[in-house]
**Student:** 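Take this structure, written in structure tokens, and hold onto it; I'll ask about it next.
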Amino acid sequence: MKIGNLGEFGFIDTIKKKFADIDSGLSTGIGDDCAVININDNEDLLISTDLLIEDVHFLKNDIGPERLGYKSLAVNISDIAAMGGTPLYSFLSIAFNKNTDTEFLEGFMEGYHKLSKLFNTQLMGGDTTESLKHLAINVCITGKCAKGKAILRSGAKPGDTIFVTGTLGDSACGLKLILNNLRDSKDFDYLTSKHYCPMPRVEQARFLADTGAVNSMADISDGIASDLLHILEQSNVAAQVNIDLLPLSKSFKKTVNIYGFDSLQLALSGGEDYELIFTADSSKAERLQQIFNQKFGLGITQIGIIVKGEPRIEWFGSGKKIYYNTKGFNHFK
Ligand code: ADP
Ligand code: MG
């Protein structure tokens, strides 16, 4: 069988099964945004890693060095946020070919440093090697949270309200403008900045975790069609989502109208929003929304509910059930 048939998540499943015979003690491994490793009676250590490959994850010349450095760390910090944790340290491994300009690497480290400083995460090590062709970047991030308090994907309960932070689809819409060379678009700068410089929602996620009302959470890296499904699979529940409630920015709405982009595809499966999707006790949902929206210059929006059933998403729009066959981003598929 070719990996194209198995897909990214099929492959990860086979890895998880193979290693099920090794005891991981009190720690939780494959399946969440971070591994949660119990280190002492007060705290858990969070660890995650992400690999970025030139021409698969980024166009080197278009993103440019500083934004690439920034984004390489941002997508990792976002996984710490997804657990309600605080980022601690990062490790950076990088492979580049020998024609790479030193200015590019300086710019890369400048962007990486800028975000490290913002979140007070020190770079503690890594590896540097030659690549024969493409630039490859791997970041490993560590973080912490109070013992047993990480918000897992597996905690969603029937009756929970499903929320997302911010708006959906801006990043994918920005990428579409870049790929179609629609640089004259009025919203080009806004949408591409959402694509190139996502802001990890660390403070917001910690606030949400501290309320005690949030039962499950993930960051939106592949689009909610995929990231919500991961929550459902880990929690063994189903979801009903109303597409009329999806939070879309003015820039997004304007741009998809002008160019005739598929707005649902971008908002549900485009990915790389690096917002949070989470489920919370519905009796606390209204209050949570009020407090959050007052506290942060970023809203949270209720988009649906968790229900009993096999892990799948039922989509609704204009009061009717709709059949929208959309999946989030999946490498190899
Ligand atoms: P995220 O999008 O939050 O970075 P992924 O969808 O990439 O998470 O991965 C899903 C889960 O599978 C994570 O828990 C991740 O650690 C795990 N995983 C992915 N690839 C591998 C691998 N090659 N070996 C072991 N675990 C993996
Ligand atoms: Mg994630």
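In this text, all values refer to a predicted model and were calculated from it rather than measured experimentally. Both ligands and their constituent atoms are indexed starting at 1 by order of listing.
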**Student:** Using protein heavy atoms only, decide if any is under 4.0 Å from atom 16 (O) of ligand 1.
**Tutor:** no
**Student:** Assert yes or no for the condition that the ring centre distance of Phe9 to His230 is strictly below 6.0 Å.
**Tutor:** yes
**Student:** Give the minimum heavy-atom separation between Ala280 and Leu288, together with the two atoms involved.
**Tutor:** CB-CD2, 3.9 Å
**Student:** May I ask which of Ile47, Ile12, Ile30 has a heavy atom nearer to atom 20 (N) of ligand 1 than the others do?
**Tutor:** Ile12
**Student:** At less than 4.0 angstrom from any non-hydrogen atom of Ser221, what atoms of ligand 1 do you find?
**Tutor:** 2 (O)
**Student:** Counting each atom of ligand 1 from 1 as listed, which ones have a heavy atom of Phe9 under 4.0 Å away?
**Tutor:** 6 (O)
**Student:** Nearest to atom 4 (O) of ligand 1, what protein heavy atom do you find, and at what distance?
**Tutor:** Asp79 OD2, 3.3 Å
**Student:** Out of Lys18, His230, Glu8, Arg153, indicate the one that has the non-hydrogen atom closest to atom 8 (O) of ligand 1.
**Tutor:** Arg153
**Student:** Would you say Asp79 reaches the Mg ion (ligand 2) with an N/O/S atom under 2.8 Å?
**Tutor:** yes
**Student:** Is Asp32 close to ligand 1, meaning an N/O of one under 3.5 Å from an N/O of the other?
**Tutor:** yes
**Student:** Taking the basic N atoms (NZ, or NE/NH1/NH2) and the acidic carboxylate oxygens, is any pair closer than 4.0 Å for Lys147 and Glu43?
**Tutor:** no
**Student:** Quick check: Gly31 and ligand 1, any N/O pair under 3.5 Å apart?
**Tutor:** yes
**Student:** Check each atom of ligand 1 against the heavy atoms of Ile15 and keep those under 4.0 Å away; list them by number with element.
**Tutor:** 22 (C), 23 (N), 24 (N)
**Student:** Answer yes or no for Lys60 and Phe104: cation-pi contact, defined as NZ/CZ to six-membered ring centre under 6.0 Å and angle to ring axis within 45°.
**Tutor:** yes
**Student:** Quick test of your reading of the structure: of Asp33, Asn76, Asp222, whose heavy atom lies closest to atom 3 (O) of ligand 1?
**Tutor:** Asp33
**Student:** For Asp50, take its heavy atoms, then give the atoms of ligand 1 lying under 4.0 Å from any of them.
**Tutor:** 4 (O)
**Student:** Between atom CG of Leu245 and atom CG of Asn242, what is the distance when rounded to the nearest 0.5 Å?
**Tutor:** 4.0 Å
**Student:** Is the shortest distance from a Lys or Arg side-chain nitrogen in Asp33 or Arg153 to a carboxylate oxygen in the other one below 4.0 Å?
**Tutor:** yes
**Student:** Does a side-chain N-to-carboxylate-O contact under 4.0 Å join Glu314 and Arg312?
**Tutor:** yes
**Student:** Which is the closest N/O/S atom of Asp33 when seen from the Mg ion (ligand 2)?
**Tutor:** OD1
**Student:** Under the criterion ring pair (Phe, Tyr, Trp, His ring centres under 6.0 Å), I'd like the reasoning laid out for Phe292 against Phe296: C-alpha separation, chi angles, the key distance, then a yes or no.
**Tutor:** CA-CA 6 Å; Phe292 188 99; Phe296 299 102; 4.7 Å; yes
**Student:** Which N/O/S atom belongs to Asp219 and is the closest one to the Mg ion (ligand 2)?
**Tutor:** OD1
**Student:** We want to know whether Asp273 and Ser171 form a side-chain donor-acceptor pair, criterion being a heavy-atom distance below 3.5 angstrom.
**Tutor:** no
